[in-house]
Amino acid sequence: MVLEKIKGPGDIQKLDKSEYGLLAQEIRSFLIDKISKTGGHLASNLGVVELTMALHLVFDLPQDQIIWDVGHQSYTHKLLTGRKDDFDELRTYGGLSGFPKRKESSCDAFDTGHSSTSISAGIGLVEARDLMGRHNSVISVIGDGALTGGMAYEALNNASQLKSNYIIILNDNNMSISANIGGISRHLNSIRSAVPYNKLKNSLAGALSKIPKVGDGIIRHIVKTKSLIKQVFLPGMLFENMGITYWGPVDGHDIEALTRVLKEAKEINRAVVIHVLTQKGRGYGPAEDNPSRFHGVEPFDIRTGLPKKEKTGETYTDVFSQTMMELAEEYPELVAVTAAMPDGTGLTPFARAYPKRFFDVGIAEQHAVTFAAGMAAGGLRPVVAVYSSFLQRAYDQILHDVCIQNLPVIFAVDRAGLVGSDGETHQGIFDLSYLSEIPNMTIIAPKNKYELREAFRCAMTISGPVAVRYPRGQACEAMAEYHAPFICGKSELIHPGRDVVFLAVGSMVQVAWEVQKRLQEERGIDGTLVNVRFVKPLDTVILDALVRDHSLFVTMEENVLSGGFGEHVGSYLHHQNLPVRLLSIAIPDMYVEHGNVDILKREVGIDADSVYARVCQALEERD
């Protein structure tokens, strides 16, 4: 096998050209085999095999630096830098990350995980290189989907001023996670359709070079006027008009063409964009046919492409999707907004049923929030469906454009809490902290799928901004018998008791229920269990009442401790001078790496066993 010859960075440069095609096939087979067992990002990685090989053939790592935007397409890069034997533990706790990690390899130049950041990081590395007198190459690889993010254009504006070499690879597969939309997509479509221009240019140059004496002179004249020619054939020429050299489109699966253009790009003393056309999911039929479904996958059967584990029950995303359909019938002012994730957030059925009330703005969370604020100011009731870790990209817009004006925007905050295998950049463990500090914001965290429906119905009655927070995965159906009326700002008393009270938020209610029962069975302590429901506003009425019969308050949340629900309860108890001890169960001040969610919960101390041990210790210290 050719792949067996790759033990570390630079080994691909030792291969014979005749081996390149076989290596690409072996890489695809390897990735399909491994990801079918571990899960991971498949379609995006299959699409950049030849592009990654060409980068490693032309550049010398780790001296030269490659930044992968988002980073989920870096698996081939990891293979070519000697991490092949680590793929059995891909995305497992303590194993190989699914994204570039500087702590994992010196060949990973910059940690990525969210989109539209690579050009900014690349310019920073260029300036550092120049100021420190180094001469290495810096290359940013950004997808056409990520190019819809506003940060990319801030960076392109900056890149146009560079006077030294910097290479931007535009990996254009006409997809982000779902199909791309908007003006940038249309612009790139116009460039793709202008491939005849490039063929004409190449054939014309070949013919003219054969003319004795005058041929080369004519070619030089054409080169000087190429900008004018491009304007004729390629309307808009976004990059050239910004002052950035544009080359392309180039076939992203033609290694010879890619290596040739990359070598030429190294010699340009300014920023250059190389537009590369790739096919997402290339080499695996099911992924080619349905690249969205194979963007991020659980373990699957290679023969059929179907998941190995059958879906058991509704997910929270499913419940949200159904609830939106129900609410849309009742509220004609309801509209839905997503940032390039209609499938992931469950809005695809809504989009089909109510196309005029559905808005996909592309990978542009900041714009999505202010756009929703504008619609709310105009009398509509927008629901912005977004993952927790991506919502934090729009913090200023939430605060400045929504909450200051107290506009009725509803945030459907999916994937809140620990999400597992994607690691630090995707764990939704900060939203309670960054949302609860903003005035006018209401935060609801339902305990199960039934409360999720009620939470959105309640949100529709609130005149200001509301965030409804719910976790990834199968929706909890337990504790359906406990269903007190959903009243804004009021908690639910699930089990009255004495001495110890558990104040649990969202997903932690089920954990608190297990701990409370165990405490009663093993230690004879009949504690109280409260489903917080509303993280903000804080239900101070129930806190004041509980102080009379309880000496230990235990707050429980799947969020970082700093700035979270526990700290807000502690602040209230302190300022009211209430005589009670507080134990806050939350995620420590740390970034949580990738791995199975159950393992991660145990490692950070929010699983039932860990909570029980800490409560018992607190009771012993009190006694």
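For clarity, every value in this text was computed on a predicted model and none was experimentally measured. Just so it is clear, the values below take in all heavy atoms, side chains as well, and ignore hydrogens, waters and symmetry mates. Heads up: numbering here begins at 1 and tracks the sequence.
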(request) Say whether, by atom type as modelled, one donor and one acceptor occur between the side chain of Gln427 and the main chain of Gly420 under 3.5 angstrom. (result) yes

(request) May I ask you to check whether over 12 heavy atoms, not counting those of Glu326, lie within 6.0 Å of atom CD? (result) yes

(request) Would you kindly say whether Asn440 and Gln405 are connected by a side-chain donor-acceptor distance under 3.5 Å? (result) no

(message) Taking the six-membered ring for Trp, are Phe456 and Phe486 closer than 6.0 Å centroid to centroid?
(response) no

(message) Under a 3.5 Å distance rule, please check whether Arg381 uses its side chain to pair with a backbone N or O of Met460 as donor and acceptor.
(response) yes

(request) Indicate whether the side chain of Thr278 and that of Asp172 have a donor and an acceptor atom separated by less than 3.5 Å. (result) no

(message) Taking Lys449 first and then Glu477, would you say they form a salt bridge - that is, a charged N and a carboxylate O separated by under 4.0 Å?
(response) yes

(request) Begin from the C-alpha positions of Leu391 and Val413 and carry the test side-chain contact (heavy atoms from CB on, under 4.5 Å) through to its verdict. (result) CA-CA 8 Å; Leu391 182 61; Val413 188; 3.9 Å; yes

(message) Donor-acceptor check, side chain of Lys536 to backbone of Ile438, threshold 3.5 angstrom: yes or no?
(response) yes

(request) Walk me through it: do Phe358 and Tyr354 pass the test ring pair (Phe, Tyr, Trp, His ring centres under 6.0 Å)? (result) CA-CA 6 Å; Phe358 169 77; Tyr354 303 97; over 10 Å; no

(request) Please step through side-chain contact (heavy atoms from CB on, under 4.5 Å) for the pair Asp144 and Asn171, ending with a clear verdict. (result) CA-CA 6 Å; Asp144 52 317; Asn171 173 34; over 6 Å; no

(request) Show your reasoning for whether side-chain contact (heavy atoms from CB on, under 4.5 Å) applies to His594 and Asp422. (result) CA-CA 6 Å; His594 55 278; Asp422 283 337; over 6 Å; no

(request) Would you name the heavy atoms of Ser584 and Leu561 that are closest together and state the gap between them? (result) CB-CD1, 3.6 Å

(message) Please check this pair: side chain of Glu288 against backbone of Gly283, looking for a donor-acceptor N/O pair closer than 3.5 Å.
(response) yes

(request) Taking atom OH of Tyr591 as the centre, report whether more than 12 heavy atoms of other residues, nucleotides or ligands fall under 6.0 Å from it. (result) no

(message) Checking side-chain polar atoms at under 3.5 Å, does Thr315 have a donor or acceptor matched by the opposite partner on Asp318?
(response) yes

(message) Given 3.5 Å as the limit, does a donor-acceptor pair link the side chain of Tyr153 with the main chain of Leu147, or not?
(response) yes

(request) In plain terms, say whether Arg533 and Glu451 are close enough for a salt bridge, that is, a side-chain N and a carboxylate O under 4.0 Å apart. (result) yes

(message) side-chain contact (heavy atoms from CB on, under 4.5 Å) for Thr338 and Val386? Distances and angles first, verdict last.
(response) CA-CA 7 Å; Thr338 181; Val386 62; over 6 Å; no

(request) Find out whether Phe300 and Leu306 are in side-chain contact, i.e. whether some heavy atom of one side chain is under 4.5 Å from a heavy atom of the other. (result) no

(message) I'd like to know if the side chain of Asn45 and the backbone of His72 have a donor-acceptor N/O pair within less than 3.5 Å.
(response) yes

(message) Please enumerate all residues that pass side-chain contact (heavy atoms from CB on, under 4.5 Å) together with Gln474, with sequence neighbours excluded.
(response) Thr312

(message) Are Leu170 and Tyr246 packed together at the side-chain level, in the sense that at least one heavy-atom pair is separated by less than 4.5 angstrom?
(response) no

(request) Verify the distance criterion only: is there a donor paired with an acceptor across the side chains of His483 and Tyr450 at less than 3.5 Å? (result) no

(message) Holding to salt bridge (Lys or Arg N to Asp or Glu O under 4.0 Å), I want the full list of residues that pass it with Glu424, two or more places apart in sequence or in another chain.
(response) Lys101, Lys103

(message) For Leu418, is there any backbone N or O sitting under 3.5 Å from a side-chain donor or acceptor partner on Glu558?
(response) yes

(message) If we count only N and O atoms by modelled type, under 3.5 Å, do the side chains of Thr348 and Asp343 hold a donor and an acceptor together?
(response) yes

(message) Under a 3.5 Å cutoff, is there a donor and acceptor pairing between the side chains of Gln322 and Glu314?
(response) yes

(request) Applying side chain to side chain contact (heavy atoms under 4.5 Å, CB included) between Ile169 and each of Val273, Val141, Asp69, report the one that passes. (result) Val141

(message) Exactly one of Leu529, Ile585, Val530, Asp539 should register a side chain to side chain contact (heavy atoms under 4.5 Å, CB included) with Leu503. Which one does?
(response) Val530

(request) Can you sort out the partners of Asp289 under side-chain contact (heavy atoms from CB on, under 4.5 Å), two or more places apart, ordered by chain and number? (result) none

(request) With sequence neighbours left out, write down each residue that passes side-chain contact (heavy atoms from CB on, under 4.5 Å) with Ile462, or none if nothing qualifies. (result) Thr442, Cys458, Val466, Cys488

(message) Can you confirm whether Met441 sits close enough to Ile398 that some side-chain heavy atom of one is under 4.5 Å from a side-chain heavy atom of the other?
(response) yes

(request) Return the set of residues passing ring-ring contact (aromatic ring centres under 6.0 Å, His included) with Tyr434 (not counting sequence neighbours), or none when no residue passes. (result) none

(request) Could you tell me whether the side chain of Leu543 reaches within less than 4.5 Å of the side chain of Tyr572, counting heavy atoms only? (result) yes

(request) State, to 0.1 Å, how close Ala146 and Ile142 come at their nearest heavy-atom pair, and which atoms those are. (result) CB-CG1, 3.7 Å

(request) Give a yes or no answer on whether the side chain of Tyr470 reaches the backbone of Phe320 with a donor-acceptor pair at less than 3.5 Å. (result) no

(message) With a 6.0 Å cut-off (strictly less than), is the heavy-atom count around CZ of Phe110, excluding the residue itself, greater than 12?
(response) no

(message) Tell me whether Arg457 is salt-bridged to Glu330, with the criterion being a basic N under 4.0 Å from an acidic carboxylate O.
(response) yes

(message) Distance alone, cut at 3.5 Å: any donor-acceptor contact between the side chains of Asp414 and Thr345?
(response) no

(message) Would you say that Lys490 contacts Phe534 through its side chain, given a criterion of any heavy-atom pair below 4.5 Å between the two side chains?
(response) no

(message) By the definition side chain to side chain contact (heavy atoms under 4.5 Å, CB included), identify the one residue from Leu600, Asn559, Val604 that meets it with Ile587.
(response) Val604

(message) Once ring-ring contact (aromatic ring centres under 6.0 Å, His included) is applied, do any residues pair with His426, and if so which ones, sequence neighbours excluded?
(response) Phe99, His114, Phe390

(request) Compare every heavy atom of Ala155 with every heavy atom of Ile123, then report the nearest pair and how far apart it is. (result) CD1-O, 3.2 Å

(request) State, without any angle test, whether Lys280 and His295 hold a side-chain donor-acceptor pair at a distance under 3.5 Å. (result) yes

(request) Determine the minimum heavy-atom distance between Met375 and Phe359, stating which atoms define it. (result) SD-CE1, 3.9 Å

(request) Measure from the ring center of Tyr482 to the ring center of Trp513 and say whether it is less than 6.0 Å. (result) yes

(message) Using the side-chain hydrogen bond (donor to acceptor under 3.5 Å, both in side chains) definition, which of the options Arg469, Arg415, Gln392 pairs with Asp431?
(response) Arg469

(request) Answer yes or no: is there a donor N or O on one side and an acceptor on the other, between the side chain of Glu557 and the main chain of Ala586, under 3.5 Å? (result) no

(request) Answer yes or no: is there a donor N or O on one side and an acceptor on the other, between the side chain of Ser436 and the main chain of Leu432, under 3.5 Å? (result) yes

(message) Looking at every non-hydrogen atom in both residues, tell me the closest pair between Val468 and Ala455 and how far apart they are.
(response) CG1-CB, 3.8 Å

(message) Under the side chain to side chain contact (heavy atoms under 4.5 Å, CB included) test against Phe411, which residue among Val369, Leu435, Ile443 passes?
(response) Val369

(message) If you compare all heavy atoms of Ala339 against all heavy atoms of Glu365, which two are closest, and at what distance to 0.1 Å?
(response) CB-CG, 4.1 Å

(request) Mind checking the CG-OG spacing from Asn596 to Ser421? Nearest 0.5 Å is all I need. (result) 7.0 Å

